[in-house]
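Reminder, nothing fancy here: chain letters follow the sequence lines and each chain counts from 1.
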Amino acid sequence: MVTQIISTMETQVSNGPTSNSGLPNGPPLSANGAADDSKTNLIVNYLPQNMTQEEFKSLFGSIGEIESCKLVRDKITGQSLGYGFVNYVDPNDADKAINTLNGLKLQMKTIKVSYARPSSASIRDANLYVSGLPKSMSQKEMEQLFSQYGRIITSRILVDQVTGVSRGVGFIRFDKRIEAEEAIKGLNGQKPLGASEPITVKFANNPSQKTGQALLSHLYQTTARRYTGPLHHQTQRFRLDNLLNMAYGVKRFSPITIDSMTSLAGVNLTGASSGGWCIFVYNLSPEADESVLWQLFGPFGAVTNVKVIRDFATNKCKGFGFVTMTNYEEAAMAIASLNGYRLGDRILQVSFKTSKQHKA
DNA sequence: TGGTATT
């Protein structure tokens, strides 16, 4: 398992050689001679911690041809930093990826897909740590306070995990480092309007001063998770309820693109394993595409691949597809939850793939 | 001082 992790640490996926900038048919060039990928290059934020480069490429490759993509990882530990870049060949596919994958729920996360800003030193280290905020101040109010110094990319107020009350601590990421510097000059030690205490504004700690212990802990968890065998049925059902609540929140039968949950069928335990657990999904509509499979199965855990089987002549879905999931527990829960599930006007049949599936 | 927004 350690070997597997290390072998993917420096993986980069790219189709074709480095572009011949400036040659006929090469990419468009901006004024300074750099390739202009502003219409094709996307940044993807809030990825699940355990998503791999291969899963990342598979998800975004389902939209269109990828020029290159990279899941950004910690240089030392190899752990995902939770974001990545996808550069498409066709600007239309970049636009399509934003429209179809932005907001996609994967496990506990809702991913964000947007155009990447041109890479530049001026946009680095622009994240601020703010403390001493009035507990009553909302994220919106905090943004209003800081927006006079520049364009805010993200903001967050930390809350008590139990009560949900503000801890008076937050983060503000500006578009440009100089904007962050100006905000420190203007707001550090100042009292917001109506506040009784001054706030502290400084640059946020750079993430990732990971210790060797953190690396070992990560490797241990990764290794331990792979060999979990079948669970007792009761345990499975309990875990299923928990997972649905985690994935879908209180309205657990109403995920974004799914209109109703009609049944929770039993788990078919006959599936085989090799490089993951292959799941057979039957009764998809002719219009079904890969994104629907990502949306259906993504919330249940690590999905490494999805495939809609299409008719060669018409390119319409032949009514079925396959999903590969890494972990047995997650695959079993996805099957238990999605078998019998009504998608549009169709009742899905979902099971582990068997060698004689067509007889069903 | 969190979850991870510039390769």
Side-chain angles (χ1 to χ4, degrees), chain A residues 8-15 18-19 27 34-38 40-53 56-57 60 66-88 94 98 101-102 106-133 139 142-143 146 150-161 164-180 184 188 199-211 214-215 217-218:
Chain A
T8 61
M9 275 174 72
E10 296 307 322
T11 304
Q12 263 187 266
V13 182
S14 179
N15 298 331
T18 306
S19 58
D36 178 13
D37 56 9
S38 64
T40 58
N41 195 31
L42 304 179
I43 185 165
V44 184
N45 297 107
Y46 311 111
L47 292 166
Q49 163 63 237
N50 61 7
M51 178 174 256
T52 65
Q53 165 78 220
F56 184 60
K57 189 194 180 191
F60 284 87
I66 290 173
E67 198 279 325
S68 63
C69 71
K70 181 175 190 179
L71 177 68
V72 179
R73 280 162 292 140
D74 184 281
K75 285 188 180 68
I76 296 165
T77 68
Q79 287 186 72
S80 167
L81 294 183
Y83 67 95
F85 297 90
V86 181
N87 195 17
Y88 283 99
I98 291 174
L101 296 178
N102 184 41
L106 291 176
Q107 299 171 240
M108 311 260 299
K109 299 288 190 73
T110 301
I111 71 171
K112 179 176 177 182
V113 185
S114 56
Y115 289 109
R117 292 172 286 160
S119 185
S120 155
S122 66
I123 66 174
R124 297 184 58 183
D125 303 314
N127 198 26
L128 296 180
Y129 169 78
V130 187
S131 61
L133 292 165
Q139 181 186 4
M142 182 177 71
E143 285 203 4
F146 282 81
R151 176 185 168 207
I152 294 168
I153 301 300
T154 57
S155 72
R156 159 180 281 122
I157 285 182
L158 304 185
V159 299
D160 183 285
Q161 293 202 346
V165 171
S166 167
R167 291 164 52 189
V169 169
F171 292 88
I172 297 267
R173 180 182 300 279
F174 279 101
D175 182 38
K176 297 285 193 285
R177 180 181 171 91
I178 50 171
E179 297 169 341
I184 292 174
N188 183 42
I199 61 173
T200 298
V201 184
K202 50 188 175 182
F203 282 107
N205 283 345
N206 270 356
S208 186
Q209 296 288 331
K210 291 291 163 77
T211 65
L215 173 58
S217 168
H218 173 248

Engineer: Suppose we call a contact any N or O donor and acceptor under 3.5 Å apart; does that hold for the side chain of A:R117 and the base of B:dT6?
Structural biologist: yes
Engineer: Figure out the CG/C1' separation between A:N205 and B:dT4, and round it to whole Å.
Structural biologist: 13 Å
Engineer: Check the distance between B:dT7's P and A:I66's CD1 and give it to me in whole angstrom.
Structural biologist: 19 Å
Engineer: Quick one: on DNA chain B, does A:L47 or A:V72 contact a more 5' nucleotide (nearest heavy atom)?
Structural biologist: A:L47
Engineer: A:Y83 on top of B:dA5's base, within under 5.5 Å and under 30°?
Structural biologist: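 Aromatic stack with B:dA5 absent for A:Y83.
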Engineer: Toward the 5' end of DNA chain B, which comes first, A:Y129 or A:I153, by nearest nucleotide?
Structural biologist: A:Y129
Engineer: Taking all non-hydrogen atoms of both residues into account, name the closest pair between A:L42 and A:Y88 and its distance.
Structural biologist: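 Closest pair (atom of A:L42, atom of A:Y88, distance): CD1-CE1, 3.8 Å.
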Engineer: Okay, side chain of A:R177, backbone of A:D125: is any donor-acceptor separation there less than 3.5 Å?
Structural biologist: yes
Engineer: Mind checking if A:K202 touches a base, just sugar-phosphate, or nothing, with heavy atoms under 4.0 Å?
Structural biologist: base
Engineer: What nucleotide, of B:dT4, B:dT6, B:dT1, holds the atom closest to the side chain of A:A116?
Structural biologist: B:dT6
Engineer: Where do A:L71 and A:Q53 come nearest, in terms of heavy atoms and distance?
Structural biologist: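 Taking A:L71 first and A:Q53 second, the nearest heavy atoms are N-NE2, 3.0 Å.
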Engineer: Base, sugar-phosphate alone, or nothing: which one does A:L158 contact when heavy atoms must sit under 4.0 Å apart?
Structural biologist: sugar-phosphate
Engineer: Where the side chain of A:F171 is concerned, which of B:dT6, B:dT1, B:dT4 is the nearest nucleotide?
Structural biologist: B:dT1
Engineer: Minimum heavy-atom separation for A:F203 and A:L128, please, with both atom names.
Structural biologist: CD2-CD2, 3.8 Å
Engineer: Should the side chain of A:N41 and the base of B:dT7 be counted as holding a donor-acceptor pair, with the cut-off at 3.5 Å?
Structural biologist: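 Check passes, donor-acceptor contact within cut-off.
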